[in-house]
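One structure is given below, encoded as structure tokens.
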2 protein chains.
Amino acid sequence: MNTLSYGLLTLLSANSLSGYELTQNIKPLWRAGHSQIYPLLMSMEQQGYISYQLIEQSDKPDKKEYSITEAGLEQLRKWVEAPAEPPVLRDELHFKLYSLWLTKPEEAKDLLQKRAEFCKSELERYKVLLKANEVLRDERGETRELKATTFGRYLLIRKRVLDMESSIQFCEWALEELEPAK
Amino acid sequence: MNTLSYGLLTLLSANSLSGYELTQNIKPLWRAGHSQIYPLLMSMEQQGYISYQLIEQSDKPDKKEYSITEAGLEQLRKWVEAPAEPPVLRDELHFKLYSLWLTKPEEAKDLLQKRAEFCKSELERYKVLLKANEVLRDERGETRELKATTFGRYLLIRKRVLDMESSIQFCEWALEELEPAK
DNA sequence: TTTCTATATGTCTACTTTTACATATATAAA
DNA sequence: TTTATATATGTAAAAGTAGACATATAGAAA
């Protein structure tokens, strides 16, 4: 049971999902490919934290729909309450900024503009997720309170939105700082 | 030559440093332990990107002071100009926020308060680094322009400061959102 | 009719990262 | 005098991650 396993339990505690859907849904929360996810699902199924049902589909290939078990929910509950490890951020841009004096002004500018563009496209994705979560909240007749299943997701997506907005602001500020050198 | 190798070259392009010092200095830029760093230094030395000089010390154990070579600088220059890969952020808090509805209000509050404290202590570290970089800039008689060796570091540390301030603001906002549930 | 894309599930290898093991010098504190 | 801490350099094993390999269904487009 590593962090990613708990992440999968986290998603399954809100909805029953297939491995494929988990691979898509986990993207805004954690970077992981399907080659990591399928083996963990099999292992957690063997440990009794999740179970699956084979869903036969006519329009698409059949799938395994995983659900969290009582044991899995109990395991997750304990983990959520334990303090969170400090985040791990690995960003090449940090090194490239540090070595910026080695580059030509156009290349420094390009580096920051490309990052800004990336963050803007991420921001759009998160704003869509925020909307979708609000729709789900209304569907479930929930309000903005801790016990609502959509509340934590609301906080999380807001966090990612703030992170991206802050990154975009940094890039734009840095581009201005660069201006006199042009 | 992986990203961490280029990170070590980045630090060595500004100053000659030992493996131990590199391990300390790289912390604000990238997470890496000394067990990763020493083997990479040996490999880069064999490839001719860096060289070292044994420094005998009377007050401390002897050390190897690594310097970047012309070949290393050329290699680094090419890498810096290539576009930066998207950042990889792995934060347990994302999952814990998503599963927040499973917890008691005090535990949710504790989770956010602890993260805020962590970010505040990181912020202090970065502010010290920012001051140290300004002192170095003055010592070298540099101004805030691209060609100055302290300029990129100035941008980078400002980025980290903005990141931490944004995280602290998120925690404080989320704690307020949590309030009515108490 | 072939090709492309999305859905769907898996394995394998290479690489990276973490944690523990291992050793050694010098200073400072208990 | 033992112990703890900071400095200093390495190795080994285990765990985690990324990218490629592998296969299959179904719909849509060329």
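Convention: sequence-line order gives letters A, B, ...; per-chain numbering from 1. Here the structure is a predicted model, which is why all the values come from computation and not from measurement.
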Taking salt bridge (charged side-chain N to carboxylate O under 4.0 Å, His left out) as the test, write out the residues that go with [X], two or more places apart.
X	value
B:R144	none
A:E142	none
B:D62	none
A:K60	none

*Mutual orientation of the aromatic rings belonging to A:Y38 and A:H34 [parallel < 30°, tilted 30-60°, perpendicular > 60°]*: perpendicular

*Ring-face cation contact, B:W79 with A:K96, 6.0 Å cut, 45° max*: yes

*Write out all pairs satisfying side-chain hydrogen bond (donor to acceptor under 3.5 Å, both in side chains) with one or both partners inside residues 12-26 of chain A, taking only residues at least two apart or from two chains.*
A:S16-A:S67, A:S18-A:E21, A:E21-A:K63

*N-O pairing of A:D91 and A:R115 below 4.0 Å*: yes

*So does B:E74 pair up with B:R77, basic N to acidic O under 4.0 Å?*
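Salt bridge between B:E74 and B:R77, a charged N being under 4.0 Å from a carboxylate O: yes.
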
*Which distance, rounded to the nearest 0.5 Å, do you find between the CG of A:L100 and the CG of B:L156?*
10.5 Å

*Is there a donor-acceptor contact under 3.5 Å from the side chain of B:S167 to the main chain of B:D163?*
yes

*asked:* Please check: side-chain N/O of B:K147 versus main-chain N/O of A:T103, any donor-acceptor pairing under 3.5 Å?
replied: yes

*Provide the full list of salt bridge (charged side-chain N to carboxylate O under 4.0 Å, His left out) pairs with a residue in residues 26-43 of chain A, sequence neighbours left out, each pair given once.*
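Residue pairs with at least one partner in residues 26-43 of chain A: there are none.
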
*What pairs of residues pass the salt bridge (charged side-chain N to carboxylate O under 4.0 Å, His left out) test when at least one of them lies in residues 117-130 of chain A, not counting sequence neighbours?*
A:K120-A:E172, A:E122-A:R125

*Of all nucleotides in DNA chain D with an atom under 4.0 Å from a non-hydrogen atom of chain A, which is the first and which the last going 5' to 3'?*
D:dG16 to D:dG27

*Among residues 50-63 of chain B, which residues get a heavy atom nearer than 4.0 Å to DNA chain D?*
B:Q57, B:K60, B:P61, B:D62, B:K63

*asked:* Expected output is a numbered-order residue list: members of residues 23-42 of chain B with a heavy atom under 4.0 Å from any atom of DNA chain D. What is it?
replied: B:H34, B:S35, B:Y38, B:M42

*Between C:dC15 (P) and B:E85 (CD): distance, integer Å*: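 So the two atoms are 17 Å apart, to the nearest Å.
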
*asked:* Without decimals, in angstroms, what is the distance between B:K64 NZ and C:dA24 P?
replied: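 After rounding, the reported distance stands at 16 Å.
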
_Can you list, in residue-number order, the parts of residues 8-20 of chain A that come under 4.0 Å of DNA chain C, counting heavy atoms only?_
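Within this stretch, A:S18, A:G19, A:Y20 sit under 4.0 Å of the strand.
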
*Please test B:M1 against B:Q47 for side chain to side chain contact (heavy atoms under 4.5 Å, CB included), starting from the C-alpha separation and ending with a verdict.*
CA-CA 10 Å; B:M1 289 297 288; B:Q47 286 171 86; 4.2 Å; yes

*For the helix from C:dT1-D:dA30 to C:dA30-D:dT1, how many degrees between its two end axes (five pairs per end), to the nearest 10°?*
20°

